[in-house]
Amino acid sequence: MSVDTRVDLGGIALRNPVLTASGTFGYGLELAPFLDLTKIGGFVAKSLTLEPRHGNPPPRIAEAPSGMLNAISLENVGVDAFVRDKLPALPEGVVVVASLFETEIDRYAEVAKRLTGVPRVAGLEVNASCPHVKSGGIEFGQDPKVLASLVRAVRSATDAPLLVKLSPNVTSIAEMAKVCEGEGADGLSLINAVQALEVDVERRRPVLSNVLGGLSGPAIRPIALRMVWQARNAVSLPICGIGGIASAEDAVKFLLCGATAVQVGTWNYLEPGAAADIADGIAAYAARHGFASVAELVGKLEVPERPRR
Ligand SMILES: Cc1cc2nc3c(=O)[nH]c(=O)nc-3n(C[C@H](O)[C@H](O)[C@H](O)COP(=O)(O)O)c2cc1C
């Protein structure tokens, strides 16, 4: 049985539900010898700022059990160089989602404006896991009021399909999802890396120069699944599930929990071709279970009623 693999992620038409995650696939060409980007749903480019940015000094990545820590601090070429140099170099047929971040709300809006109407950009993903200078460094995505102002400003700056990528470093992901829905986002991406710390005991120092980093990879997958499921129960926006996906089975778990599409992140470093295999594996799962389309898998998690005590 042939399975219809197409999905609609908040107005972004994808040929299948698998994308590569921001920051783990460069600007699309670096890993091109290993993965044909026209075979996957799309790719989310490294987050862009108004000006080019240098990241933190090394060490800025470290191994962790079943994952990695990073504190790259969003090094990037800047929005104008991306549009001028990086986008035109991508092969035709690649679905590009441009990710953006800044330290102040009006700057976020300006980056969104510069990406709007640019040929080849199918949609925008707002990375809300960045420290907000005016709030003393808490992440935009950690305060509902700040998040609301951010989404409102970016929404009024662009008519492109708009995904908001939520921070997992919150008490209630459902509350943050509702804020995004209320301010006109077209979809949610979740989760970003989980704030973490690792220690070098011999030197009695943090392993990363930045002290704190983001934990990603299979270690965070159950947290991500939980958050996707909670967000799905709180809003009707389409969700792109992210966190520790390493196989088609992992991806299917996200679809069952309510994600319309998924992103593969850290696993690209181990297997740069994984995203295409994962897309094939999802279709094979759907066929094996008698679903005519991948979209039918979304939200099919059966939660048994709990016996009363
Ligand atoms: C080295 C590295 C760089 C990242 N850079 C970004 C970034 O620029 N923007 C962003 O939104 N997320 C960034 N992320 C987070 C990933 O896109 C993803 O949300 C997170 O790693 C969880 O997925 P994973 O467990 O599959 O890696 C980065 C992750 C890693 C490991």
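All values below were derived from every heavy atom in this structure, side-chain atoms included, with hydrogens, water molecules and symmetry-related copies excluded. Atoms within each ligand, like the ligands themselves, are counted from 1 in listed order.
Using a 4.5 Å heavy-atom cutoff, the side chains of Ile12 and Val97 are in contact. By the 4.5 Å heavy-atom criterion applied to side chains, Asn192 and Leu166 are not counted as neighbours. Val77 is not listed as a side-chain neighbour of Pro52, based on a closest heavy-atom distance of 4.5 Å or more.
Atoms of ligand 1 found under 4.0 Å from any heavy atom of Ser47 (numbered from 1 in listed order, with element): 7 (C), 8 (O), 9 (N), 10 (C), 11 (O). Within ligand 1, counting atoms from 1 as listed, the ones closer than 4.0 Å to a heavy atom of Leu74 are 7 (C), 8 (O), 9 (N). Every atom of ligand 1 is numbered from 1 in the order shown, and the set under 4.0 Å from a heavy atom of Ala21 is 17 (O). Each of the following atoms of ligand 1 lies closer than 4.0 Å to a heavy atom of Ser216: 21 (O), 25 (O), 27 (O), 31 (C). For ligand 1 and Ile242, the ligand atoms under 4.0 Å from any heavy atom of the residue are 18 (C), 19 (O), 22 (C), 23 (O).
Contact analysis puts Tyr269 in contact with ligand 1, with a non-hydrogen atom separation below 4.0 angstrom. Heavy-atom separations between Ile191 and ligand 1 include at least one value shorter than 4.0 Å.
Inclusion of Ile220 in the set of residues having an N or O under 3.5 Å from an N or O of ligand 1 is not warranted. For Ser99, no nitrogen or oxygen atom sits less than 3.5 Å from a nitrogen or oxygen atom of ligand 1, counting backbone and side chain alike. Taking distance alone, with nitrogen or oxygen atoms compared against 3.5 Å, Ile72 stays at or beyond that limit from ligand 1. For a threshold of 3.5 Å applied to N or O pairs, the pair formed by Asn127 and ligand 1 contains at least one separation below that value. At a 3.5 angstrom cut-off on N or O pairs, Lys46 counts as close to ligand 1. Taking any N or O of Met68, backbone or side chain, none lies under 3.5 Å from an N or O belonging to ligand 1.
No more than 12 heavy atoms of other residues, nucleotides or ligands shown are found within 6.0 angstrom of CD1 on Ile61. Shown here is Arg6, whose CZ atom has no more than 12 heavy atoms of other residues, nucleotides or ligands within 6.0 Å. At most 12 non-hydrogen atoms from other residues, nucleotides or ligands lie less than 6.0 angstrom from NZ of Lys113.
The closest donor-acceptor contact from the side chain of Asp200 to the backbone of Pro206 lies at 3.5 Å or more, if one exists at all. In this structure, Arg60 contributes its side chain and Asn56 its backbone to a donor-acceptor pair below 3.5 Å. With hydrogens and angles disregarded, no donor-acceptor distance shorter than 3.5 Å links the side chain of Thr49 to the backbone of Gly78. With hydrogens and angles disregarded, a donor-acceptor distance shorter than 3.5 Å links the side chain of Ser149 to the backbone of Lys145.
Heavy atoms of Asn192 found under 4.0 angstrom from ligand 1 belong to the backbone as well as the side chain. When heavy-atom distances to ligand 1 are checked against a 4.0 Å cut-off, Lys165 comes that close only through its side chain, counted from C-beta outward. Under 4.0 Å from ligand 1, the heavy atoms of Asn70 that appear belong solely to its side chain.
Nearest-residue assignment for atom 13 (C) of ligand 1 (options Ser22, Ala219, Ala128, Ala246; heavy-atom criterion): Ser22. For atom 3 (C) of ligand 1, the choice among Ser129, Gly241, Gly23 with the nearest heavy atom turns out to be Gly23.
Every residue two or more places apart in sequence or in another chain was checked for a side-chain contact (heavy atoms from CB on, under 4.5 Å) with Asp8, and none qualifies.
For Phe140 and Tyr108, the ring centers sit closer than 6.0 Å to each other.
Residue, atom and distance of the protein heavy atom nearest to atom 24 (P) of ligand 1 are Gly244 N, 3.5 Å.
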